[in-house]
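Below is one structure, written out as structure tokens; comments come after it.
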There are 2 protein chains.
Amino acid sequence: MSPESITAAALEVGDREGPKAMSMRRIAAELGCDPMALYRHFGDREALLDAVADRALVDVPAPAPDDPWDTRLRAVLGGVRAAALRHPGIAEHVAARPPLGENGQRLGAAMLSALTDSGLPPGDVVRAFQALIAYGAAALAMAVRAGRRDARWEQAADTIGALPGGERSRELPAVGSDDQFEYGLHLILAGIRAEAGWVQLGAAQPVQEPAQERAGEQPDPPRQRDEHQRPERPGDPEDTESGGGERAAGDDPVHSGREPRVVGLESGHDLVE
Amino acid sequence: MSPESITAAALEVGDREGPKAMSMRRIAAELGCDPMALYRHFGDREALLDAVADRALVDVPAPAPDDPWDTRLRAVLGGVRAAALRHPGIAEHVAARPPLGENGQRLGAAMLSALTDSGLPPGDVVRAFQALIAYGAAALAMAVRAGRRDARWEQAADTIGALPGGERSRELPAVGSDDQFEYGLHLILAGIRAEAGWVQLGAAQPVQEPAQERAGEQPDPPRQRDEHQRPERPGDPEDTESGGGERAAGDDPVHSGREPRVVGLESGHDLVE
DNA sequence: ACCTGAACACCGTTCAAGT
DNA sequence: ACCTGAACACCGTTCAAGT
């Protein structure tokens, strides 16, 4: 009757009977104990599901530190996605929650490290991190719902097909598919590259191969036109002193002339309970 | 006792008492009728919430058709986000569901039209559309939870602050903030630009102004260095015939040599019920 | 035929009663 | 002091009984 045995039982009943079955009562029944016994180890159901979600990520390995930063990001996000989809009972919860358990922190650190290596300024590293988490979570949620054959998305495919520009793509939008996931991730990584100042070789003739990088999960030796070269940067992210205060609070182009920054969550609105 | 009066009552009780209060019984009580009466107009709770979510989007205007494609995308996604946050009771549901009601289709069509104008090939238009929906949904969900002061995210901020590269950004990650939302959207739009073959002027000296486009919601006249020029493209998206079958099924660089395409949801796995 | 509301099969969590 | 389980305050939905 340990936290571990509880999360194990929860994961099993969730995998077997779906997310709705992961109730305190049902999990307790699985363990043959009183539902209240669970509250000895977890404050409430949410805390228990947090632990279960993190447990589902134990098998996701940290990326190889010598890989390029974008490869590392793809490895982490793809790994989380695959691991979560292996446990459909908890995938929805993984998708809805920030990664805060032991494994979530480990993988989050790997992502932040990769983003730092991308050359983004430190402040943008955190923003890009959150953007990637958001995208990954939503794509995962879509995959879970697509697996559950949500009639809404089938209808959405019809709608898209009926719209101008969507006619020829009627069979494309496999909603939560790996392909779809990789494409969106590819877009964000390309955005990071542009933002960090990488120059994409071959950008002059984009029609023939604008998308081939997405196939690049595999070693991809044959013809690597998707190489990138980094321009020299006057101030490195490290020296924040004389290297140019180009993104200090005052002249930050994003925030100057706007309302006072919301810091953390302290000054946030409080919607309900 | 019409569908409209029901959705109106649901929206009001949701705004007033939070998403959990939007139960069939509670909404019926608001209307002074039997809970079962709601089932005459909506098949189940999910269908009712779909209608309520769409109703929350009536006020989001279609973007000005003459604006640049990226401005239109920002307008639609920002508008949906703002409208949803005005109705926190339903925001979570808006975030979790594809846009299928009257207003969702209207805004989805505007997004697809904008993406078509971005120069992406038709198949990628749909992929980019879904990626944007996914990102917008997740960012909205984060904003709702941040508004609810989720302790998890405060802890996440601490974790990020403790990681290498995150030290200086301790006060940055206002989790569901407008700033954060716009940054992620900016990354995706930059990715689309790169993918569609747009060249970003000034990419040679990126350190000084890599991020200023994000301020571009306002007219932004002073100095527009974030202009883009489009290279000539051999085949226009419109002529799919002789203009070059460059992205036909056979030689699609993304899909060639992979497992058979998943089409729609028909061939999908079925996780549970 | 239509509508109603009692009833079913659940929830998460509290808390008083037992040990 | 600790643990248990009855009880509270809810759910979405079914379905038999009423009109």
Side-chain angles (χ1 to χ4, degrees), chain A residues 1-7 9-53 88-90 92-94 96-97 144-145 148-152 271-273, chain B residues 1-7 9-53 88-90 92-94 96-97 144-145 148-152 271-273:
Chain A
M1 193 78 251
S2 64
E4 286 74 24
S5 65
I6 293 173
T7 53
L11 199 54
E12 197 193 334
V13 69
D15 290 351
R16 200 171 56 233
E17 304 176 37
K20 288 182 62 175
M22 298 203 314
S23 67
M24 302 301 269
R25 295 168 119 108
R26 184 73 194 71
I27 294 165
E30 182 83 6
L31 289 161
C33 73
D34 191 276
M36 282 309 102
L38 305 180
Y39 286 86
R40 306 221 99 265
H41 301 93
F42 299 100
D44 57 7
R45 180 169 182 258
E46 204 78 330
L48 194 160
L49 291 182
D50 286 348
V52 175
I90 199 63
E92 219 154 23
H93 196 258
V94 171
R97 296 301 168 189
V144 173
R145 286 193 213 104
R148 238 183 274 160
R149 206 180 271 274
D150 190 324
R152 250 175 302 264
L271 298 188
V272 68
E273 56 176 353
Chain B
M1 195 78 250
S2 63
E4 286 76 22
S5 65
I6 293 174
T7 53
L11 198 53
E12 197 192 337
V13 70
D15 290 351
R16 201 171 58 234
E17 304 175 39
K20 286 180 64 173
M22 298 204 314
S23 66
M24 302 301 268
R25 294 166 118 108
R26 185 71 195 73
I27 293 165
E30 182 84 6
L31 290 161
C33 72
D34 191 276
M36 281 311 102
L38 306 180
Y39 285 87
R40 307 223 99 265
H41 301 92
F42 299 99
D44 57 8
R45 181 168 182 257
E46 203 77 332
L48 194 161
L49 290 182
D50 285 347
V52 175
I90 198 63
E92 220 154 23
H93 195 257
V94 171
R97 295 302 168 188
V144 173
R145 286 192 212 104
R148 239 183 273 160
R149 207 181 271 276
D150 189 326
R152 250 174 302 263
L271 298 187
V272 68
E273 53 178 353

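All values derive from a computational prediction rather than experimental measurement. Residue numbers start from 1 in every chain, and the chains themselves are labelled A, B, ... in the order their sequence lines are given, proteins ahead of strands.
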- Smallest heavy-atom separation, Ile27(A) atom then Ala10(A) atom, equals CD1-CB, 3.6 Å
- Under a 4.0 Å heavy-atom cut-off, which of residues 32-40 of chain A touch DNA chain D? Asp34(A), Met36(A), Arg40(A)
- Message: Run the side chain to side chain donor-acceptor pair (under 3.5 Å) test against Arg40(B) and tell me which residues pass, sequence neighbours left out.
- Response: none
- Query: Are side-chain heavy atoms of Ile90(B) and Asp15(B) found at a separation under 4.5 Å?
  - Reply: no
- Note on the structure: When every non-hydrogen atom of Gly43(A) is compared with those of Ala47(A), the smallest separation belongs to N-CB, 4.1 Å
- If we take the C1' atom in both dT14(C) and dG12(D), what is their distance in whole Å? 23 Å
- Item | Residue pair Ala51(A) / Phe42(A): nearest heavy atoms and the distance that separates them | CB-CE2, 3.6 Å
- Item | Terminal contacting nucleotides, 5' and 3', DNA chain C versus chain A (heavy atom, 4.0 Å) | dC11(C) to dT14(C)
- Message: Measuring only the P atom in each nucleotide, how far is dC10(D) from dA9(C)? A whole number of Å is fine.
- Response: 22 Å
- Side-chain heavy-atom pair Val52(B), His93(B) within 4.5 angstrom cut-off: no
- Query: With a non-hydrogen cut-off below 4.0 angstrom, is Arg25(B) in contact with a base, only sugar-phosphate, or nothing?
  - Reply: base
- Task: Give the dot-bracket string for DNA chain C, reading 5' to 3', where a pair is Watson-Crick or G-U wobble with both distances under 3.5 Å, ( ) marks pairs inside the strand, [ ] marks pairs crossing earlier ones, | marks a partner on another strand, and . marks unpaired.
- Result: ||.|||||...|||||.||
- Message: Tell me the closest heavy-atom pair linking Pro19(B) and Glu92(B), and the distance in Å.
- Response: CG-OE1, 3.9 Å
- Query: Ignoring hydrogens and geometry, is there a side-chain-to-backbone donor-acceptor pair from His41(B) to Leu48(B) under 3.5 Å?
  - Reply: no
- Listed once per pair and sorted, the side-chain hydrogen bond (donor to acceptor under 3.5 Å, both in side chains) pairs that draw on residues 22-36 of chain A, sequence neighbours left out: Arg16(A)-Glu30(A), Glu17(A)-Arg26(A)
- Item | Nearest heavy-atom neighbours spanning Leu38(A) and Met24(A) | CD1-O, 3.3 Å
